[in-house]
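These notes concern the structure reproduced below.
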Amino acid sequence: MQDFAGKIAFITGGANGAGFGQAQLFGRAGARIVIADIRADALGSALQRLRGEGIEAHGIQLDLTDRAAYAAAADEVEQVFGGPPQLLFNTAGVNTFGPTEASTYEDYDWVMGVNLGGVINGMVTFVPRMIRSGREGHIVSTASVGGFQGSAAAAIYCAAKAGVINLMESYRQSLAPYNIGVSVLCPANINSNIGRSTDTRPERLANSGYVVDDDTIRSLEGIYQHGMDPVELAEHVKRGIEENRLYILPYPEIKAGVEKHFQEILDAWLPMEADPEGAAKRTAALQNWSRERAEMMARKTGANDA
Ligand code: NAI
């Protein structure tokens, strides 16, 4: 996608941080903006700022873990702007830090629910609508560099973000025939409000194994204030869409660590020389199965899903 003028953009977490930066940048490029966020107060001030710059913007208070509410939000977008979004930004996310071994079910349900479940809900809600519209589209989900590697201090968050990266790789393949591009953004540090994530943690999921108090929040804010400016980050996103790139990776300082991590994985692999016959047999079986499955699916559906 090269031209954003008049495009409908739906941005989760659009009231703060990275999502608000996307709303500003794509709004300035002429897109019609919907910001969806759980925080009503932040939505109000974000809308005021966007409209103050002449950006056409609509706000929806949404807890994206609520699937019925998500469907209602999608209906609202169609009523307000006359169609489903052509740009979907799954940007909302939450974080909380603590020792992995102290994690409770509620820590899992909240962090996985928003970071991975929220993206899943965005895809299941909007992808069929975007396909039905028959228009060019692009989806950007925000993961994190944490999604490339586990971490003792943010295990659930990293697992959720790994899921987002992997899921976008799959959707990228699936949606290409519909002229819908898919990208995944992996930030490292954004100047945002994510340090205050626990403000929106639901009461029913309050039981945590981690220590979250004013001191720990202040310490998080101490690092995020040095993060990338959200509009600058959104510029990387815009270029990623224009160039239809799968991975948007704007933090050069992280590359060496990720390289080392993937090299460890490759080094751990059993080399081909260790089992050439077994490898050849399994490869041939997989190729046959893929061909037969494609033929079977073509017979059943008239389409090829393999
Ligand atoms: P932020 O806290 O400034 O913005 C996130 C927005 O998501 C907030 O407005 C919040 O109200 C909203 N939100 C939270 N839970 C929600 C829910 N259940 N339903 C709807 N909206 C909800 O944080 P930031 O940093 O802008 O985060 C954006 C994305 O970037 C997130 O996916 C985050 O995980 C990711 N990220 C952030 C990094 C950072 O350093 N801040 C680093 C790597 C990734």
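None of these values were measured; they are calculated from a predicted model. When a ligand or atom number is given, it counts from 1 through the structure's own listing order. Heavy atoms only: backbone and side chains are in, while hydrogens, waters and symmetry mates are out.
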Checklist line | No-hydrogen, no-angle side-chain donor-acceptor test under 3.5 Å, Ser103 and Tyr210 | finding: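 Ser103 vs Tyr210: donor-acceptor pair found between side chains.
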Using distance alone, determine whether [X] and ligand 1 share an N or O pair under 3.5 Å.
X      : result
Thr65  : no
Ala36  : no
Gly19  : no
Asp37  : yes
Pro187 : no

Checklist line | Proximal candidate to atom 34 (O) of ligand 1 [heavy atom criterion; set Tyr251, Tyr224, Phe89, Tyr157] | finding: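 Ranked by closest heavy atom to atom 34 (O) of ligand 1, first place is Tyr157.
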Given that the side chain starts at C-beta and the backbone is N, CA, C, O, which of these parts of [X] lies under 4.0 Å from ligand 1, counting heavy atoms, or is it both or neither?
X      : result
Ser197 : neither
Ala188 : backbone
Leu62  : backbone
Phe20  : neither
Lys161 : side chain

Checklist line | In one Ile/Leu/Val/Met/Phe/Trp/Tyr side-chain cluster, 4.5 Å: Ile55, Phe10 | finding: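 Yes, it is one cluster - the side chains of Ile55 and Phe10 are joined through contacts under 4.5 Å.
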Check: At what distance is the nearest protein heavy atom to atom 38 (C) of ligand 1, and which residue and atom is it?
Finding: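 Nearest neighbour among protein heavy atoms for atom 38 (C) of ligand 1, to 0.1 Å: Ile190 CD1, 3.6 Å.
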Next item on the list: For atom 1 (P) of ligand 1, find the nearest protein heavy atom and state the residue, atom name and distance (0.1 Å precision).
Entry: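 For this ligand atom, the closest protein heavy atom is Ile194 N, 3.8 Å.
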Notebook entry, point to check: Among Arg245, His138, Arg172, Glu243, which one satisfies side chain to side chain donor-acceptor pair (under 3.5 Å) with Ser183?
Noted result: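 Of the listed options, the one satisfying the test is His138.
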Margin query: Any carboxylate oxygen within less than 4.0 angstrom of a Lys/Arg side-chain nitrogen, looking at Arg129 and Asp75?
Written below: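 Judged by the 4.0 Å cut-off on N to carboxylate O distance, Arg129 and Asp75 do form a salt bridge.
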Next item on the list: Identify whether the distance between the nearest side-chain nitrogen and carboxylate oxygen of Asp267 and Lys260 falls below 4.0 Å.
Entry: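 Result for this pair is no, no salt bridge flagged.
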